[in-house]
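Atoms within a ligand are numbered from 1 in the order they appear, just like the ligands themselves. Please read these numbers as outputs of a predicted model, since none were measured by experiment.
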Amino acid sequence: MHLKIQMLGTGSAFAKNYFNNNALLTAESFTLMLDCGITAPAALHKLGVPLAALDGILISHLHGDHVGGLEEIAFRMKFELQRKPVLYIPEPLAETLWNHTLKGTMQTEEAQSLDAYFDVHRLEEGSVHSIHPGIQVELIRTEHIKGRNSYSFVFNDKLFYSADMRFTPQLVTDMVRNRGCVVFHDCQLHPPGAVHATLDELLTLPEDVQRSVYLMHYGDDRDDFAGRTGAMTFVEQHKEYEF
Ligand SMILES: O=c1ccn([C@@H]2O[C@@H]3COP(=O)(O)O[C@H]3[C@H]2O)c(=O)[nH]1
Ligand SMILES: [Zn+2]
Ligand SMILES: [Zn+2]
């Protein structure tokens with residue numbers, strides 16, 4: 001089964017020249033949006049992708065560059081399309097997303113829960129879930145912010161997508177060497193990384209592993225790092241990749 005991935009944006013949370021690090025993953029004719037940050041509606045508009053083309057949205061964690069566009073998408077689907085977005089969310093994030101991110105602006109007398117606005121599919125961590133016959137996702141809880149849950153994804157056992165993750169070389173190496181995955185990895189160009197893998201850390205991966213690693217979630221000065229990424233390659237915003 002062919003998977004196509006197109007980054008709506010490849011920028012870090014604070015990048016201004018790139019949209020937030022969100023993506024469209026397509027198999028057959030099913031389109032899954034990976035994260036829905038503050039800039040996601042503008043990025044969809046720029047690419048000419050209508051809301052009706054979104055078959056589902058999968059969330060990795062609750063930072064604004066990953067969920068900040070959900071309010072707009074849900075309101076526009078409700079008022080323009082009279083339907084709910086299909087939301088795939090790791091179960092431990094669902095209550096916090098409603099109570100601490102969306103409720104303040106979205107709750108009304110008639111709409112009192114996440115389920116009032118979204119067709120919610122709560123996903124168990126550590127398991128493989130079938131989103132569509134062409135898309136299976138394994139949810140792996142990975143380290144990002146201390147004490148907060150954050151998830152990376154493995155799609156169809158061939159694409160590892162880190163979302164936001166600290167440097168975890170054993171996991172990345174295992175994904176490449178033992179599972180044959182291509183890795184889309186967030187990358188902080190300037191140390192200290194703290195909550196992301198830095199380029200310097202990623203450069204310590206063995207060269208055979210680096211060859212399968214594509215860097216995303218980078219800052220506006222990415223071009224200054226051309227030729228300084230070892231055997232790794234920058235993911236290009238809006239380019240389509242097929243696996
Ligand atoms: O403990 C913290 C929490 C946050 N931050 C910054 O805020 C950003 C939030 O989105 P992000 O996860 O893409 O990137 C994060 C970092 O840039 C940080 O440096 N340390
Ligand atoms: Zn982020
Ligand atoms: Zn984050």
- Task: For atom 17 (O) of ligand 1, find the nearest protein heavy atom and state the residue, atom name and distance (0.1 Å precision).
- Result: F14 CE1, 3.5 Å

- Message: Closer than 4.0 angstrom, basic N to acidic O: yes or no for E240 and K4?
- Response: yes

- Between N21 and H217, do the side chains contain an N or O donor and an N or O acceptor separated by less than 3.5 Å? no

- Contact atoms of ligand 1, heavy-atom distance to H144 under 4.0 Å: 12 (O)

- Note on the structure: Closest to the Zn ion (ligand 3), among the N/O/S atoms of H144, is atom NE2

- Task: Would you indicate whether the side-chain heavy atoms of F19 and L8 approach each other to under 4.5 Å?
- Result: no

- Are more than 12 heavy atoms from other residues, nucleotides or ligands located less than 6.0 Å from atom CZ of R179? yes

- Query: Can we call the ring centroids of F160 and F184 under 6.0 Å apart?
  - Reply: no

- 4.0 Å heavy-atom contact, H196 with ligand 1: yes

- Query: Just distances here: any N/O of H61 and N/O of ligand 1 closer than 3.5 Å?
  - Reply: no

- Show which atoms of ligand 1 fall inside a sub-4.0 Å distance from at least one heavy-atom site of H217. 13 (O)

- Do we get R228 above F225's six-membered ring, with its NZ or CZ under 6.0 Å from the centre and within 45° of the axis? yes

- Within a strict 4.5 Å, meaning less than it, do heavy atoms of the I135 and L25 side chains meet? yes

- Item | K146 heavy atom under 4.0 Å from ligand 1 | no

- Query: Between L215 and L202, is any pair of side-chain heavy atoms under 4.5 Å apart?
  - Reply: yes

- Query: Heavy-atom contacts under 4.0 Å between N21 and ligand 1: side chain, backbone, both, or neither?
  - Reply: neither

- One finds that the ligand 1 atoms under 4.0 Å from a non-hydrogen atom of I145 are 1 (O), 2 (C), 3 (C)

- Item | Closest candidate by heavy atom, reference atom 1 (O) of ligand 1, pool D65, V195, D186 | V195

- Task: Please report the C-alpha distance between N17 and R222 in whole Å, then the side-chain angles of each, then the deciding distance to 0.1 Å, and finally whether the side-chain contact (heavy atoms from CB on, under 4.5 Å) criterion is met.
- Result: CA-CA 10 Å; N17 295 334; R222 177 204 96 154; over 6 Å; no

- Between H61 and H144, what is the ring plane arrangement, given parallel below 30°, perpendicular above 60°, and tilted in between? perpendicular

- Using a strict 4.0 Å threshold on nitrogen-to-oxygen distance, state whether R141 and E125 make a salt bridge. yes

- Message: Inside 2.8 Å of the Zn ion (ligand 2) but strictly below it, how many protein N/O/S atoms are present?
- Response: 4

